[in-house]
Asks: 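Before anything else, here's the structure in question.
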Amino acid sequence: MNIKELENKRIAVLLSGGVDSSVVVYEFTRLGLHPDCFYIKIGPEEEEEWDCSSEEDLEMATAVSHKYGCKLEVIDCHKEYWDQVTKYTMDKVRAGLTPNPDVMCNRLIKFGAFDEKRGHDYDLIATGHYAMTETDAEGNKWLCTSPDPVKDQTDFLAQIAGWQLKKAIFPIGHYVKDEVRVIAEREHLVNAKRKDSQGICFLGKINYNDYIRKYLGEQPGDVIELETGKRIGEHKGLWFHTIGQRKGMGFGGGPWFVVKKDVASNILYVSHGYDPETAYKADFPVHDFHFLTKELRPTEVTFKIRHTPEYHPATLEWTSPSTCMVHSKDKIHGVAPGQFCVVYDKDHHRCLGSGEITV
């Protein structure tokens with residue numbers, strides 16, 4: 001971070017209680033800056049029923065802000081989260097799609113609802129994401145990948161709006177995770193050895209299928225082998241299964257891979273084997289493409305469809321300003337409608353944007 005660029009800037013830090021955002025506060029204070037810190041409350045209210053770690057998160061955030069002499073304010077975005085992100089998730093799941101709530105949380109809550117409530121008073125909003133930004137000669141700000149390929153989180157940021165990217169700053173994005181841990185331990189941060197959170201940000205230790213069942217219930221239907229048309233069992237609801245799933249199926253005579261959903265007929269199609277050809281796809285359409293910095297129509301790109309370290313080379317065939325066919329160099333496992341295809345330049349350095357995979 002350049003101190004001259006930060007002078008006279010009003011800076012808000014989103015503290016989660018984890019080690020990454022805590023080191024963000026340290027990074028500012030070592031430059032002599034004391035940003036205002038905010039803890040966004042999005043956890044469920046029914047604490048007896050839902051096991052949530054938000055109380056511990058807030059304790060950690062409070063300790064870190066106090067250590068560095070920064071103000072901490074709790075911003076309640078519970079209603080916005082459940083009205084917007086949960087609705088998005090349930091609508092997609094009900095339609096047989098594979099949503100990504102964490103992607104929408106960044107767009108709608110961390111850089112959305114928070115900005116409406118308090119962030120609009122600040123020039124910059126800092127988070128502990130593993131991502132970087134750079135400004136080109138024309139003054140365009142780009143989202144760029146972190147040097148840590150395992151922790152890089154640009155895929156989770158690929159749906160934020162252009163104005164949100166302009167306000168975003170990622171002070172630890174140039175580090176790898178091990179370096180962040182070293183800083184946290186050296187500075188005796190209370191959460192230096194705290195484990196990284198896993199799964200969807202608001203669920204804590206809640207089982208995802210239990211969460212889905214709470215809102216959508218069960219809707220039993222047939223499970224059919226794609227190649228033979230043979231009925232092999234019954235599912236409890238298409239929304240409990242994802243394309244490419246192999247584990248947790250509970251059907252005899254396996255292994256089975258989920259390869260297709262027929263929502264209208266409530267049929268789950270599976271293929272037999274450990275690695276069936278039907279579980280792979282090289283060509284698939286993407287719609288509602290969202291450009292992060294400016295509208296380009298790139299053809300030679302890299303992409304990813306899930307949070308993994310690998311980037312896949314591909315060519316894009318644009319069929320309209322916001323739709324394209326992805327032609328991957330390699331066949332990809334578990335391509336599912338509803339997932340976001342996140343697109344990067346050929347060197348997977350700049351994140352250009354993302355679109356939703358369609359049927």
Side-chain angles (χ1 to χ4, degrees), residues 1-40 57 60-73 75 102 105-107 109-111 114-115 118-119 121-135 141-158 160 163-192 194 196-197 201 292-293 349-351:
M1 292 189 296
N2 188 326
I3 184 64
K4 288 185 178 180
E5 294 177 358
L6 298 175
E7 283 178 340
N8 303 317
K9 296 283 189 184
R10 297 164 299 172
I11 303 168
V13 175
L14 300 187
L15 269 181
S16 66
V19 66
D20 299 324
S21 59
S22 299
V23 172
V24 166
V25 181
Y26 160 75
E27 288 288 300
F28 282 119
T29 55
R30 75 180 179 86
L31 296 175
L33 303 171
H34 288 80
D36 292 340
C37 298
F38 295 89
Y39 175 82
I40 298 179
D57 291 336
M60 297 283 185
T62 302
V64 170
S65 58
H66 179 75
K67 175 182 176 70
Y68 291 110
C70 299
K71 290 192 304 181
L72 178 68
E73 186 178 336
I75 304 298
D102 288 335
C105 181
N106 284 318
R107 176 174 179 157
I109 306 300
K110 291 178 183 175
F111 293 101
F114 170 73
D115 195 84
R118 290 292 277 112
D121 293 327
Y122 294 85
D123 301 306
L124 297 171
I125 297 176
T127 70
H129 285 102
Y130 285 83
M132 299 173 66
T133 60
E134 65 182 23
T135 304
K141 187 175 183 180
W142 297 88
L143 179 66
C144 300
T145 52
S146 164
D148 189 330
V150 174
K151 296 300 295 183
D152 177 78
Q153 292 171 307
T154 50
D155 52 324
F156 291 136
L157 294 161
I160 65 173
W163 67 267
Q164 294 172 328
L165 178 58
K166 288 178 181 177
K167 290 186 72 167
I169 183 170
F170 311 112
I172 64 161
H174 60 293
Y175 292 129
V176 298
K177 183 71 180 196
D178 289 347
E179 292 173 320
V180 170
R181 289 280 185 197
V182 167
I183 292 170
E185 292 187 23
R186 188 189 71 214
E187 296 301 310
H188 306 292
L189 296 184
V190 64
N191 48 17
R194 196 180 188 201
D196 292 345
S197 60
C201 56
L292 271 168
T293 300
H349 173 61
R350 288 180 176 177
C351 180

Asks: My understanding is that only residues two or more places apart in sequence, or in another chain, count here; which of them pass salt bridge (Lys or Arg N to Asp or Glu O under 4.0 Å) with Asp121?
Replies: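 For Asp121, the residues satisfying salt bridge (Lys or Arg N to Asp or Glu O under 4.0 Å) (neighbours in sequence not counted) are Arg118.
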Asks: Give the C-alpha distance, both sets of side-chain angles, the deciding distance and a yes or no for side-chain contact (heavy atoms from CB on, under 4.5 Å) between Thr62 and Tyr39.
Replies: CA-CA 9 Å; Thr62 302; Tyr39 175 82; over 6 Å; no
Asks: Considering only residues two or more places apart or on different chains, which pairs with a residue in residues 7-27 satisfy salt bridge (charged side-chain N to carboxylate O under 4.0 Å, His left out)?
Replies: Arg10-Asp123, Asp20-Lys177, Glu27-Arg30
Asks: Count the heavy atoms of every other residue, nucleotide or ligand shown that sit under 6.0 Å from NE2 of His349, and state whether that count exceeds 12.
Replies: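 Above 12, so yes.
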Asks: Looking at His34, is its backbone amide N or carbonyl O close enough to the side chain of Thr29 to form a donor-acceptor pair, meaning the two atoms are under 3.5 Å apart?
Replies: no
Asks: Could you grab the distance from atom CG of Asp178 to atom CG of Asp148, nearest 0.5 Å is fine?
Replies: 7.5 Å
Asks: Please report the shortest heavy-atom distance between Leu31 and Leu6, naming the atom on each side.
Replies: CD1-CD1, 4.2 Å
Asks: Side-chain contact test, heavy atoms from C-beta onward, threshold under 4.5 Å: evaluate it for Leu72 versus Val64 and give yes or no.
Replies: no
Asks: Does any non-hydrogen side-chain atom of Ser22 lie less than 4.5 Å from one of Leu15?
Replies: yes
Asks: Has Asp36 got a side-chain atom pairing as donor or acceptor with Lys71's backbone, closer than 3.5 angstrom?
Replies: no
Asks: Assess the residue pair Ile169 and Thr133 against the criterion (side-chain contact (heavy atoms from CB on, under 4.5 Å)); give the C-alpha distance rounded to whole Å, side-chain angles, the decisive distance to 0.1 Å, and a yes or no.
Replies: CA-CA 7 Å; Ile169 183 170; Thr133 60; over 6 Å; no
Asks: Are any of the side-chain heavy atoms of Leu189 and Tyr68 separated by less than 4.5 Å?
Replies: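 Yes, close enough: below the 4.5 Å cut-off.
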Asks: Measure from the side-chain N and O atoms of Lys167 to the backbone N and O of Asp115, and report whether any donor-acceptor pair falls under 3.5 Å.
Replies: no
Asks: Check whether any side-chain heavy atom of Met60 lies under 4.5 Å from a side-chain heavy atom of Val190, and answer yes or no.
Replies: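 Met60 reaches Val190 side chain to side chain.
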Asks: Under the criterion side-chain contact (heavy atoms from CB on, under 4.5 Å), I'd like the reasoning laid out for Cys70 against Val25: C-alpha separation, chi angles, the key distance, then a yes or no.
Replies: CA-CA 9 Å; Cys70 299; Val25 181; 4.0 Å; yes
Asks: Is there a donor-acceptor pair under 3.5 Å between the side chain of Thr293 and the backbone N or O of Lys141?
Replies: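 Judged by distance alone, yes, a pair lies under 3.5 Å.
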Asks: Does Lys67 use its side chain to pair, donor to acceptor, with the backbone of Tyr26 at less than 3.5 Å?
Replies: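 Here the side-chain-to-backbone pair does not exist.
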Asks: Between Pro147 and His174, which heavy-atom pair has the shortest distance, and what is it?
Replies: CG-O, 3.3 Å
Asks: Take Ile125 and Phe38 through the side-chain contact (heavy atoms from CB on, under 4.5 Å) test and state the conclusion after the steps.
Replies: CA-CA 10 Å; Ile125 297 176; Phe38 295 89; over 6 Å; no
Asks: Taking only residues two or more places apart in sequence, or in another chain, which ones meet Arg107 in a salt bridge (Lys or Arg N to Asp or Glu O under 4.0 Å)?
Replies: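 For Arg107 there are no salt bridge (Lys or Arg N to Asp or Glu O under 4.0 Å) partners, ignoring immediate neighbours.
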Asks: Measure the CG-CG distance between Asp102 and Asp155 for me, rounded to the nearest 0.5 Å.
Replies: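 Between atom CG of Asp102 and atom CG of Asp155 there are 10.0 Å.
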Asks: Could you state the interatomic distance from SG (Cys105) to CD1 (Ile40), rounded to the nearest 0.5 Å?
Replies: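 So the SG of Cys105 and the CD1 of Ile40 are separated by 7.5 Å.
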Asks: Which pair of non-hydrogen atoms, one from Leu292 and one from Ile160, has the smallest distance, and what is that distance?
Replies: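 Smallest heavy-atom distance, with atoms named: CD2-O, 3.4 Å.
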Asks: When you compare the side chain of Arg350 with that of Glu134, does any pair of heavy atoms fall below 4.5 Å?
Replies: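 Touching, per the 4.5 Å side-chain cut-off.
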Asks: For Gln153 and Tyr130, indicate whether the former's side chain and the latter's backbone hold a donor-acceptor pair under 3.5 Å.
Replies: yes
Asks: Compare every heavy atom of Cys144 with every heavy atom of Thr154, then report the nearest pair and how far apart it is.
Replies: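 So the two residues come closest at CG2-O, 3.4 Å.
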Asks: I need the minimum non-hydrogen distance between Ser21 and Gly18, along with the two atoms involved.
Replies: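 Scanning both residues completely, I find the closest heavy atoms to be OG-O, 3.6 Å.
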Asks: Compare all side-chain heavy atoms of Ile109 with those of Phe114 and state whether any distance is below 4.5 angstrom.
Replies: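 No, their side chains stay 4.5 Å or more apart.
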Asks: How close do Ile172 and Gly128 get, counting heavy atoms only, and between which atoms?
Replies: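 Here Ile172 and Gly128 meet closest at CD1-O, 3.4 Å.
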Asks: What I'd like to find out is whether the side chain of Leu14 reaches to under 4.5 Å of the side chain of His129, using heavy atoms alone.
Replies: no
